[in-house]
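Residue numbers run from 1 in the order of the sequence given. The model shown is predicted, which means the values in this text are computed figures rather than measured ones.
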Amino acid sequence: MNLLTVENLRTGYGPVTVNRDVSITVDAAEIVTVLGPNGAGKSTLLRAISGLLKPRAGRISFDGEDVTNLPADRAVSRGIVMVPEGRRIFVDMTVQENLRLGAYGRRDRDKVEADLRRMEAYFEILAQKRQQKGGELSGGQQQMLAIARGLMARPRILLLDEPSLGLSPKLVKDLRGVILDVKATFNAAVLLVEQNAGLAMSVAARGYLLHHGRFVASGPIENLRDDQMMRDLYLGAAQKVA
């Protein structure tokens, strides 16, 4: 059974429809990517799945349960956690305070402390800078903090919205390792929204191409890479990871 199932989802803002009858699945501990140009509706799709935006139509199921209209805080408690575009860390709080906020809904305080140590062991730069304010970190360090804060919620699926945005090529390579480890080390599925096709295709097992709010191609990454629609709409201008 799929961990996440989205069926015929329709979203929008005011009079504007963004996603049009979108359907997608993600299995447990699977990495799936959604590719597409700016304005395709990728971030809106993640907002609907995470509970930040109420869909206009369609159904979202998580582990067999209907979560279509579940508020964001309750979605987090079920294991649906989003790391938004632009990182959105709390710049006036310390690194450690940001991490603790990631676990705000948890009641297992002893395990929260263990996970805090785990994040600092995995993201060593965060341990070195635990008392620094988030706003004092570099862009790459802020992205690591945003992902670590998401992992503090113990997600079953981590929704990553444009995590490579603004990062140097070296940091994009480092990010690739982190995304793979979310699956391998933290045993969570990943739904990755990216414009960087090289990064996305190097980590995902399957992918979907979104164009004008609709999926126009999908399948295993090796098939998607060769899809003519993918080449015509996207791959020619996409940044690649060496």
Side-chain angles (χ1 to χ4, degrees), residues 1-9 11 18-19 21-37 40-53 55 58-68 70 72 75-88 102 143 146-151 153-165 175-211 213-221 224 234:
M1 183 173 65
N2 303 125
L3 178 64
L4 174 71
T5 303
V6 177
E7 300 172 282
N8 301 315
L9 191 72
T11 66
V18 178
N19 297 125
D21 300 321
V22 167
S23 297
I24 185 173
T25 62
V26 182
D27 291 338
E30 182 184 28
I31 302 177
V32 174
T33 186
V34 176
L35 298 163
K42 305 185 303 297
S43 295
T44 300
L45 172 62
L46 292 194
R47 286 175 57 81
I49 293 170
S50 67
L52 291 171
L53 178 67
R59 176 184 170 94
I60 303 170
S61 300
F62 187 71
D63 199 17
E65 182 180 356
D66 187 346
V67 296
T68 307
L70 202 65
V76 170
S77 70
R78 301 289 175 88
I80 305 170
V81 177
M82 181 173 172
V83 178
E85 180 182 352
R87 295 132 200 174
R88 307 284 179 88
Q143 187 62 74
I147 292 174
R149 184 180 62 186
L151 290 171
R154 287 278 186 104
R156 297 179 64 193
I157 184 168
L158 192 64
L159 313 179
L160 296 177
D161 192 2
E162 303 284 6
S164 74
L165 190 66
L175 176 63
R176 176 184 182 276
V178 170
I179 294 171
L180 289 170
D181 276 358
V182 169
K183 171 185 173 180
T185 303
F186 299 98
N187 197 36
V190 177
L191 181 55
L192 171 66
V193 155
E194 259 297 340
Q195 288 194 68
N196 186 328
L199 168 64
M201 290 187 165
S202 72
V203 297
R206 294 187 297 113
Y208 296 79
L209 177 61
L210 193 64
H211 186 60
R214 298 182 186 276
F215 286 135
V216 293
S218 64
I221 286 299
L224 194 62
Y234 193 53

Return all side-chain donor-acceptor pairs below 3.5 angstrom for residues 183-193, not counting sequence neighbours, or 'none' if the list is empty.
none

Acceptor/donor pairs from residues 153-162 side chains to any protein atom, 3.5 angstrom cut, sequence neighbours excluded:
| residue | atom | partner | partner atom | Å |
| --- | --- | --- | --- | --- |
| R154 | NE | D115 | OD2 | 2.6 |
| R154 | NH2 | D115 | OD1 | 3.4 |
| R154 | NH2 | D115 | OD2 | 3.4 |
| R156 | NH1 | D63 | OD2 | 3.1 |
| R156 | NH2 | D63 | OD2 | 3.4 |
| D161 | OD1 | S43 | OG | 3.0 |
| D161 | OD2 | S43 | OG | 2.8 |
| E162 | OE1 | Q195 | N | 3.1 |

Kindly indicate, with the supporting measurements, whether the criterion side chain to side chain contact (heavy atoms under 4.5 Å, CB included) is fulfilled by L35 and M201. CA-CA 9 Å; L35 298 163; M201 290 187 165; 3.9 Å; yes
Which is it for I221 and T33 under the side chain to side chain contact (heavy atoms under 4.5 Å, CB included) test, yes or no, and what are the steps along the way? CA-CA 9 Å; I221 286 299; T33 186; 4.1 Å; yes
Before you tell me yes or no, could you show the steps for N2 and D27 under side chain to side chain donor-acceptor pair (under 3.5 Å), namely the whole-Å CA-CA distance, both residues' side-chain angles and the distance that decides it to 0.1 Å? CA-CA 5 Å; N2 303 125; D27 291 338; 2.7 Å; yes
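A pairwise comparison of heavy atoms in G150 and V83 identifies CA-CG2, 4.5 Å as the closest pair. What you find for L52 and A72 is that their closest heavy atoms are CD2-CB, 3.7 Å. Of all the heavy atoms in G213 and V22, the pair that sits closest is O-CG2, 3.3 Å. The two residues P163 and Q143 come nearest to each other via the heavy atoms O-OE1, 2.9 Å. Heavy-atom minimum distance, L224 versus A217: CD1-CB, 3.8 Å. Nearest approach of L9 to A48, heavy atoms of both residues: CD2-CB, 3.9 Å.
In terms of modelled atom types and a separation under 3.5 Å, the side chain of T11 and the main chain of V18 share no donor-acceptor contact. Under the 3.5 Å distance criterion, the side-chain polar atoms of E30 are left unmatched by any main-chain donor or acceptor of A205. Remark: side-chain polar atoms of R206 are paired, donor with acceptor, to backbone N or O of T25 under 3.5 angstrom. With K42 contributing its side chain and L209 its backbone, the two residues share no donor-acceptor pair below 3.5 Å.
Between I49 and F62, every side-chain heavy-atom pair lies at or beyond the 4.5 Å cut-off. Side-chain contact check for I31 versus V182: every heavy-atom pair is 4.5 Å or farther apart. Between I60 and V67, some side-chain heavy-atom pair lies under the 4.5 Å cut-off.
Between N196 atom CG and S164 atom OG the span is 4.5 Å, to the nearest 0.5 Å.
Paired with R59 under the rule side-chain hydrogen bond (donor to acceptor under 3.5 Å, both in side chains), one option of D66, N8, T5, T68 passes, and it is D66.
At most 12 heavy atoms of other shown residues, nucleotides or ligands fall within 6.0 angstrom of atom CZ in R88.
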